[in-house]
Each structure stands twice: as structure tokens, then as C-alpha cells.
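In what follows, a single structure is set out as C-alpha cells and then discussed.
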Amino acid sequence: MTATRDDCLALDAADPLAFARDRFALPPGVIYLDGNSLGPLPRATPAALAREAQDNWGQGLIRSWNTAGWIDAPLRVGARIARLIGAAPDEVVVADSTSVNLFKLASAAVALRPGRRVILSEPGNFPTDLYMLQGLSRQLGGAVELKLVPRDRIADALDETVAVLVLTHVHYTSGEMFDMAALTARAKAVGALALWDLSHSTGAVPVDLIGAGADLAVGCGYKYLNGGPGAPAFAFVARRHQAELRQPLSGWMGHAAPFAFVDDYQPAEGIARLLCGTPSVLAMAALDSGVATFDGVEMADVRAKSMSLSSLFIDLVEARLPGVFQLVSPRNAEARGSHVSLVHPQGYEIMAALIDARVIGDFRAPDRLRFGFTPLYLSHAEVFDAVATLAEILRTDRWRHPRFAVRQAVT
Ligand SMILES: *Cc1c(COP(=O)(O)O)cnc(C)c1O
């Protein structure tokens, strides 16, 4: 028996995370299933931004680098993110974008494993990850090659030629989750480093970087962390690697003494050496406010509700729309992150019609409809209503209207 709407309301009445929804300023009537791509606006963020601009920038002027703690923000916000990913506070720093951080850490990893000529990843990894690694390989004159091996053969492909294994923990379309601890151990056994992209994991599933023995990681600030469009990203370096790690973008903010203004680069102690240039202070304030939406929230509760919401979605879609979509995400919730992808040849048009009906998910080429389930603000009743809307769009063929076939720049 699939759940009724009353069953969903009963689940919502017992939801330990129900209090968190009030932390978000979601537009009324919208069911937002895309927090895995852009987290919604936290209620506290506009005031935090106004305070930063009017008080700290407007009144404090340049003094605010010291008096408002601007200069420490990358480490302070990094420490706040650390709790969500099982890292120590001094192992995480906020800087740049995920793409840039991936480049810095992959490059540093290769330098830590001289003589090894392979960066190992999987085909179909998030494009920017592959593109950045291709750029790194070119930068190194081809001395290191990017080797792509299907996920079920990654463990076997780890050998003494591999400098670094670079994987996205939760796959950006399928939602399939790697066993981080097992693959990190396997990498370690052959002397390779493991670099994890946590963009679809942070704030979505419990991550235990220390427990997994992880070496390096990066992640995104604007997805489940709700940091705002283009929010800065983060980088993690296990404490044991920090002293020897040298990253290539050796800008002054990662210098041991940026305000000594000496000619020669000397990396800062610890994680601060991952910094490059001046942090974007306003963006940092928005990210800090986004991360604060997790205050008092246990990732175990997030995980339980995420599995409940996404399993409910799959069950309802299969009950109400049998045979219409192909599920490409793992059916077993334990093996899945916090989003679900469905394949349909007219996926673009169907998603466009769904968004028009105020149920917002997204589309990933060539044919995947993607739905994110974010436990801080979504309810079971909304999942029920979203599937009812999807069923209605298919029943009435509303998606066949030509305006839904017009391709937008961003899907
Ligand atoms: C979203 C995402 C990114 C984003 O990278 P940007 O540099 O912020 O554009 C990178 N990797 C993965 C796996 C992602 O999901």
C-alpha cells in the first residue's frame, strides 16, 4: 500500500526537524525540490547581508577586517562546516569555488606523490571535476594522465601508478553514494591519496571524514548549505597532511604573514595555506547564515528524513505513474544520497511544465529529471502533492505545449 496524504500528514506531525522550516523564506505555493542545486534563502540572510554592508562596510570601513572579524571568516565559517562533515575545526577552510579548490587539492596531491602518473576518476563524474583534472594534466605537460574507470571497477584500478583518486561522494545525477571509507582505505593501501567532492553530500548525508581516514575533500556552499547563488566553497585537508601540502595558487592570503609584504612566498601554518586571494566578505556572510540553518540539527535526523522523503517519492511515482519513468537512482535508500533522478525521453518538457505548476526540480541532459529532498524545509505532504502534480501533467499532456520545449540557458 502506498501512502495516503493523511499518512504523510501523520509523518509530518511527528517530524523532529519540523522546527527548521521556519528558518527559510520560501515563496508560498511553491514546492521546492531543487535545494540540492541552489538552497533557498534563509530568513536571516537578508538582515545579515544588510548588517555586513551597512554597519561593517558602511561604518567600519577598512577597520572591519579586524573589528568585524572579516579576515578570520574563511577559517571561522570553515570550522562551522567541519561539524557537518566529521572534520576537526582546523581542517576546513572556505575559499574560492569548488572547481578551483578541486584544482588546488588535486595539484597538491600529485605533488605529494612524485613519480606517479595517474589521476583516477569515473566517467560521468560532475563535468567541472573532469574538466579541472584535464586542465591539470595539460598544465603538467601530460606527465600525469586522467584515467576514467567505471565505478564498479575503481577499486581494482587502484594500483601503484595512481597519485590521487578523485570521486564525487554522492553522484550529481544518479544520487548513488560511494563507500568513502572502503575506497579511501583501498587508495591508502596502494599509497595513493583520495580526494572527495562532497558537493551533494554536505548537509545532505552524514559524512565522517575523520572516521573514513579521508585525506582531502572539497564541497559546495550554495547547495544544501544554503549559502546563496555562487557562494564560496570549502576545502578539507586532514591534519596529518597539512604541513607538507603545497597548493599551486600561492596567493598572499595563504601566506604565513600576508601583511609582512615580503617578496617570497611562505605558506601559512595549517589549513590557511589553502587560501589564495581576498575572501568575498558579503558572500561569506551569506554562507555563514546558510550554514547556521543547521544549528541544533543532527545529521542523523536529516538522514532519516531524507530517506523517508525520497523513498516516499519513488513509491508514489511508481504507484501513480507505472512504467512512465525509469528510476536511475538506487532503490535502496542506504545507497542513495538525498536526490532522485528519473529518466524520460521528454524529460526537459515535463520538468518545464512541472516548474510552471510551481513544483521546482531540475533537468540534467540528456534525459534526467532530478528531484532533491531537503529535510530542513520539505514535508511528506509536499512530496505527496508534488507527485500528484506530476501525475496530472502527464494525464492531461500539459507538458506537450510548445512553450515547454524552449530550452533555457540554465536547466
Ligand atoms: C555543484 C558541483 C560543483 C560546483 O562547482 P562550482 O565551481 O561551484 O561551479 C562541483 N562539483 C560537483 C560534484 C558539484 O555537484
Side-chain angles (χ1 to χ4, degrees), residues 33-40 74 77-78 81 84-85 93-107 119-136 146 148 151 154 164-178 180 183 194-205 207 209 214 216-236 247 249 274-277 279-280 283-284 286-287 290-291 328-329 336-341 361-365 368 370-374 409-411:
L33 305 181
D34 214 2
N36 55 308
S37 203
L38 174 66
V77 181
I81 293 170
L84 302 176
I85 52 177
V93 69
V94 172
D96 305 315
S97 64
T98 306
S99 304
V100 172
N101 288 334
L102 189 95
F103 183 86
K104 290 188 290 191
L105 287 184
S107 171
I119 299 174
L120 187 62
S121 190
E122 64 162 338
N125 192 356
F126 192 81
T128 204
D129 297 46
L130 298 179
Y131 302 161
M132 296 308 286
L133 297 173
Q134 287 161 15
L136 175 60
L146 174 62
L148 304 181
R151 57 175 45 212
I154 293 270
V164 57
L165 171 67
V166 184
L167 293 174
T168 300
H169 178 228
V170 172
H171 192 272
Y172 79 104
T173 54
S174 72
E176 201 172 342
M177 189 155 49
F178 277 115
M180 182 188 290
L183 279 168
L195 165 49
W196 292 97
D197 187 331
L198 303 178
S199 291
H200 281 281
S201 309
T202 313
V205 298
V207 175
L209 288 172
L216 308 166
V218 297
C220 187
Y222 51 78
K223 292 172 178 162
Y224 294 90
L225 291 183
N226 309 308
F234 67 85
F236 158 90
Q247 59 104 347
L249 304 184
L274 260 294
L275 294 172
C276 177
S280 173
M284 205 64 85
L287 176 60
V291 178
V328 289
S329 301
R336 219 175 40 230
S338 206
H339 64 269
V340 169
S341 287
D362 64 21
F363 172 79
R364 286 293 171 263
R368 292 179 178 196
R370 191 171 64 160
F371 301 89
F373 299 96
T374 44
V410 175
T411 61

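Remember, it's 1-based here, ligands and their atoms both numbered in the order they're listed. Throughout, residue positions are numbered sequentially from 1 according to the sequence presented. Scope of the values below: all heavy atoms of this structure, side chains included, with no hydrogens, waters or symmetry mates.
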*Please report the C-alpha distance between H171 and H200 in whole Å, then the side-chain angles of each, then the deciding distance to 0.1 Å, and finally whether the side chain to side chain contact (heavy atoms under 4.5 Å, CB included) criterion is met.*
CA-CA 7 Å; H171 192 272; H200 281 281; over 6 Å; no
*Begin with the C-alpha distance, continue with both residues' side-chain angles, and end with the deciding distance and a verdict on side chain to side chain contact (heavy atoms under 4.5 Å, CB included) for N36 and K223.*
CA-CA 5 Å; N36 55 308; K223 292 172 178 162; 5.6 Å; no
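Contacts with ligand 1 closer than 4.0 Å are made by no heavy atom of V100, backbone or side chain. In S99, the parts holding a heavy atom less than 4.0 Å from any atom of ligand 1 are both the side chain and the backbone.
With contacts defined as side-chain heavy-atom distances shorter than 4.5 Å, the pair Y224/S338 qualifies. Under the 4.5 Å side-chain criterion, counting only non-hydrogen atoms from C-beta, R151 is not in contact with L167.
Numbered from 1 in the order shown, with element, the atoms of ligand 1 that lie under 4.0 Å from a heavy atom of S97 read 7 (O). Each of the atoms 1 (C), 2 (C), 3 (C), 14 (C), 15 (O) of ligand 1 lies under 4.0 Å from some heavy atom of K223. The ligand atoms of ligand 1 that sit less than 4.0 angstrom from a heavy atom of Y222 are 1 (C), 4 (C), 5 (O), 6 (P), 8 (O), 9 (O). In summary, the atoms of ligand 1 found under 4.0 Å from a heavy atom of H200, numbered by their order in the structure, are 15 (O).
Of all protein heavy atoms, the one closest to atom 5 (O) of ligand 1 is T98 CB, 3.5 Å. When only non-hydrogen protein atoms are considered, atom 11 (N) of ligand 1 lies nearest to D197 OD2, 2.8 Å.
In terms of polar-atom proximity, Y172 is not counted as a contact of ligand 1, lacking any N or O under 3.5 Å from an N or O of the ligand. Residue-to-ligand polar distances keep T168 apart from ligand 1: every N/O pair is separated by 3.5 Å or more. Residue T128 has no nitrogen or oxygen atom sitting less than 3.5 Å from a nitrogen or oxygen atom of ligand 1, judged on distance alone.
In this structure a side-chain-to-backbone donor-acceptor pair under 3.5 Å is present from K104 to L274. Here the side chain of N101 pairs a donor or acceptor atom with the backbone of A95 at under 3.5 angstrom.
Between the side chains of T173 and R364, no donor N or O sits under 3.5 Å from an acceptor N or O.
Listed here is the closest heavy atom pair of G135 and F103: C-CE1, 4.4 Å.
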